[in-house]
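Single-structure report; data block below.
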Amino acid sequence: MIINEHEINKILEESAKCTPEEFTRIIEAGRLGKGLSLSETAVLLNTTEAERLEEIFSLARELKDRIYGKRIVLFAPLYLTNKCVNNCLYCGFRAENKELNRRTLTIDEIIEEVKLLEGQGHKRLLLVAGEHPVDSRLEYITEAIEKIYENCDIRRLNINSAPMETGEFAKLKAAGIGTYQCFQETYHKETYKKMHPSGKKSDYEYRLTVMDRAIEAGIDDVGMGVLFGLYDYRFDALALLQHAAYLEEKYKCGPHTISVPRLRPAPGAHIEEVQYPISDEEFIKLVAIIRIAVPYTGIILSTRESQALRETLLSLGVSQISAGSSTSPGGYKETKHSVSDQFYTNDNRSLDEVSASIISLGMVPSFCTACYRVGRTGEDFMRLVKAGKMKNICRYNALLTLKEYGETYASNSTRESAAELIDILMEEIDDPRLKEQIKIKLEKIQKGERDLYI
Ligand code: SAM
Ligand code: SF4
């Protein structure tokens with residue numbers, strides 16, 4: 001059994017009260033950086049007292065800094081089609097929304113969109129598609145992947161699409177995808193059934209077992225998530241962690257990333273009100289707790305959240321954010337919100353503006369894709385991360401990609417602030433040989449060389 005609802009409810013009930021000693025023990029256990037049990041996580045999820053919350057935040061900040069350093073990975077979603085046979089009550093793409101302009105990009109249109117994103121400096125894209133037997137069939141997706149790699153300077157393509165069969169995942173892997181993402185939306189079966197009344201997605205079990213099929217097909221970086229707001233966030237967070245623990249135990253490698261989408265208003269959605277609203281305060285707490293519970297799993301935050309909230313969450317645990325996003329196929333060419341959007345975004349700043357704000361917080365916008373390209377993925381990647389060996393490699397590679405971004409794509413003011421930050425962070429490198437090595441690479445980038453990493 002992957003998800004045990006009864007056990008999760010019991011754990012939540014039993015953890016409602018916690019002595020000061022027990023709370024301190026859990027915080028200290030979290031500080032070891034080995035993650036938390038479901039019961040320990042439940043205690044933190046049930047915490048409401050200001051002083052205890054401050055301890056949670058402080059630990060999340062400490063772990064974020066210790067494991068990930070100052071870098072924030074950037075990406076953009078690229079919607080291929082908004083045609084969909086499902087009827088998810090919360091989504092603008094649902095089949096029964098007759099007002100939506102339905103559109104599937106041709107391969108040429110996809111390349112056109114990618115060129116626009118590439119021109120802004122993106123190196124990492126997330127391909128997104130509705131579920132449709134013709135318009136989002138596997139051959140179309142693999143052709144899109146191949147043509148993007150062939151014609152554009154995009155270095156990592158991840159994908160968020162409907163669940164597939166193992167054989168189909170093997171083809172996706174062969175086409176060169178990075179992470180395969182699929183969100184369970186809610187792990188609460190009854191709510192899941194209500195929210196997904198028809199179409200293939202109404203099959204809870206088929207969706208729940210998608211990661212098994214992906215991993216068995218050789219995709220070792222998988223990304224999980226819950227659509228927060230559909231059901232009690234405490235239940236869904238614990239269930240997500242139970243699912244992650246199941247994968248870790250069975251395949252010796254948990255999810256590469258966890259996404260934390262929160263329900264947004266969507267044009268043409270069936271539900272008008274969020275059933276289980278999760279406040280900003282609760283959401284901040286949730287992200288900090290995920291950071292502590294699974295310290296080595298990346299946390300992805302999208303433009304569903306506002307600039308202010310995103311900035312707060314960067315130090316509390318988020319390691320990847322999207323920027324300059326459109327949720328409509330063809331949306332980068334059209335630029336304005338249109339009736340083909342999946343939902344309304346909340347942070348509409350450009351990649352340059354988002355990068356500038358990350359730099360102003362003393363963090364490094366990273367466009368690095370080196371790990372994936374040198375084969376540091378899945379179990380290999382986790383082994384290095386857990387041994388503390390990735391932090392430095394990533395730190396230097398992030399600086400190199402920031403230099404490339406500054407020289408090639410950034411506005412003058414962002415380029416200047418990037419250069420200042422690089423100077424400051426170079427001073428922090430203790431090893432003189434390594435420092436020299438990075439310095440030489442930075443000079444090469446200055447002279448026009450690209451795609452350098454260690
Ligand atoms: N169609 C595929 C699926 O449903 O898995 C993949 C793409 S779907 C466009 C990506 C994700 O968007 C969904 O998994 C869901 O969590 C999220 N989503 C849908 N409607 C949303 C809304 N109104 N607000 C925020 N996120 C939403
Ligand atoms: Fe279709 Fe995905 Fe939207 Fe559901 S969430 S309607 S499956 S695009």
Side-chain angles (χ1 to χ4, degrees), residues 73-84 93 100-162 164 168-169 171-181 219 221 223 302-303 320 322-342 345 348 350-352 354-355 367-370 372-373 401 404-405 407-410 448 450-451:
V73 171
L74 285 157
F75 73 97
L78 174 60
Y79 281 66
L80 304 181
T81 178
N82 57 11
K83 292 196 185 172
C84 190
F93 291 176
L100 188 78
N101 283 338
R102 303 273 172 187
R103 180 170 181 198
T104 301
L105 299 184
T106 62
I107 298 293
D108 285 346
E109 286 170 334
I110 292 173
I111 299 297
E112 218 180 324
E113 289 279 274
V114 175
K115 291 278 179 199
L116 289 170
L117 290 165
E118 192 187 306
Q120 295 166 20
H122 280 292
K123 298 291 176 209
R124 193 186 270 253
L125 300 183
L126 173 68
L127 302 183
V128 184
E131 179 162 10
H132 194 276
V134 180
D135 286 69
S136 58
R137 66 192 183 286
L138 178 70
E139 295 71 26
Y140 164 73
I141 294 176
T142 51
E143 190 186 350
I145 294 170
E146 280 154 18
K147 289 287 188 299
I148 295 172
Y149 280 139
E150 221 172 275
N151 295 295
C152 311
D153 188 23
I154 293 296
R155 300 172 187 165
R156 179 169 173 134
L157 285 172
N158 298 328
I159 181 157
N160 185 324
S161 72
M164 300 181 190
E168 294 175 312
F169 277 127
K171 289 184 186 155
L172 209 52
K173 165 87 183 163
I177 64 153
T179 308
Y180 171 71
Q181 269 187 11
I219 296 179
D221 283 354
S302 73
T303 54
Q320 286 191 34
S322 48
S325 306
S326 161
T327 69
S328 162
Y332 293 109
K333 196 171 166 196
E334 284 153 16
T335 67
K336 290 254 172 302
H337 275 318
S338 74
V339 278
S340 47
D341 283 327
Q342 189 197 11
T345 51
N348 298 312
S350 65
L351 176 62
D352 190 68
V354 172
S355 302
F367 299 87
C368 186
T369 55
Y372 165 65
R373 291 153 81 226
T401 63
E404 179 174 330
Y405 173 74
E407 291 304 314
T408 327
Y409 309 102
R450 294 293 174 258
D451 201 13

* Would you please test Asn158 and Gln181 for side-chain contact (heavy atoms from CB on, under 4.5 Å) and show each step? => CA-CA 8 Å; Asn158 298 328; Gln181 269 187 11; 5.7 Å; no
* Can you see which heavy atom on Leu100 is nearest to which on Asp341, and at what distance? => CD1-O, 3.9 Å
* Is the shortest heavy-atom distance from the side chain of Thr104 to the side chain of His132 under 4.5 Å? -> no
* Is there a side-chain contact between Leu127 and Ile148, using heavy atoms and a 4.5 Å cut-off? -> yes
* Looking just at side-chain N and O atoms, do Asn101 and Arg103 make a donor-acceptor pair shorter than 3.5 Å? -> no
* Flag, side chain of Thr106 to backbone of Glu109, donor-acceptor distance under 3.5 Å -> yes
* Asked: What is the distance from atom CZ of Phe367 to atom CD of Glu404, rounded to the nearest 0.5 Å?
  -> 9.5 Å
* **Side chain proximity check, Arg156 to Thr179, heavy atoms < 4.5 angstrom** => yes
* Say whether, by atom type as modelled, one donor and one acceptor occur between the side chain of Tyr332 and the main chain of Glu112 under 3.5 angstrom. => no
* Asked: Would you say Leu105 and Glu113 make side-chain contact, with heavy atoms under 4.5 Å?
  -> yes
* To do: Could you give me the CA-CA distance, side-chain angles and deciding distance for Tyr405 and Leu351, then say whether side-chain contact (heavy atoms from CB on, under 4.5 Å) is met?
  => CA-CA 11 Å; Tyr405 173 74; Leu351 176 62; 4.0 Å; yes
* Structure fact -> Correct closest heavy-atom pair for Arg124 and Cys368 would be NH2-O, 2.7 Å
* Asked: Going from NE2 on His122 to CD1 on Ile154, what distance comes out if it is rounded to the nearest 0.5 angstrom?
  -> 8.0 Å
* Answer yes when Arg155 and Asp153 have at least one side-chain N-carboxylate O distance shorter than 4.0 Å, and no when they do not. => yes
* Can you tell if the side chain of Lys115 reaches within under 4.5 Å of the side chain of Cys152, non-hydrogen atoms only? -> yes
* Which atoms form the tightest heavy-atom contact between Ser355 and Leu74, and what is the distance? -> OG-CD1, 3.9 Å
* Asked: To the nearest 0.5 Å, what is the distance between OG1 (Thr327) and CZ (Phe93)?
  -> 5.5 Å
* Enter the distance from Tyr140:OH to Thr81:OG1 here, rounded to the nearest 0.5 Å. => 6.0 Å
* Please tell me if the side chains of Cys84 and Glu131 come closer than 4.5 Å, counting only heavy atoms from C-beta onward. => yes
* Asked: Atom CG of Asp352 and atom CD of Gln120: how far apart are they, to the nearest 0.5 Å?
  -> 9.5 Å
* To do: Flag the pair Leu116 / Lys333 as yes when at least one side-chain heavy-atom distance between them is below 4.5 Å, and no otherwise.
  => yes
* To do: Compare every heavy atom of Met164 with every heavy atom of Leu172, then report the nearest pair and how far apart it is.
  => CD2-CE, 3.8 Å
* To do: Decide if atom NZ of Lys171 counts as having more than 12 heavy atoms of other residues, nucleotides or ligands within a radius under 6.0 Å.
  => no
* Asked: Between Tyr149 and Leu157, is there a donor-acceptor pair closer than 3.5 Å when you use the side chain of the first and the backbone of the second?
  -> yes
* To do: Might you point out which heavy atoms bring Ile110 and Ala144 nearest each other, and give the distance in Å?
  => CD1-CB, 3.8 Å
* Can you name the closest pair of heavy atoms from Pro77 and Ser322 and give their distance? -> CD-CB, 4.2 Å
* To do: Rounded to the nearest 0.5 Å, what's the gap from OG1 on Thr142 to CD1 on Ile177? Could you check?
  => 11.0 Å
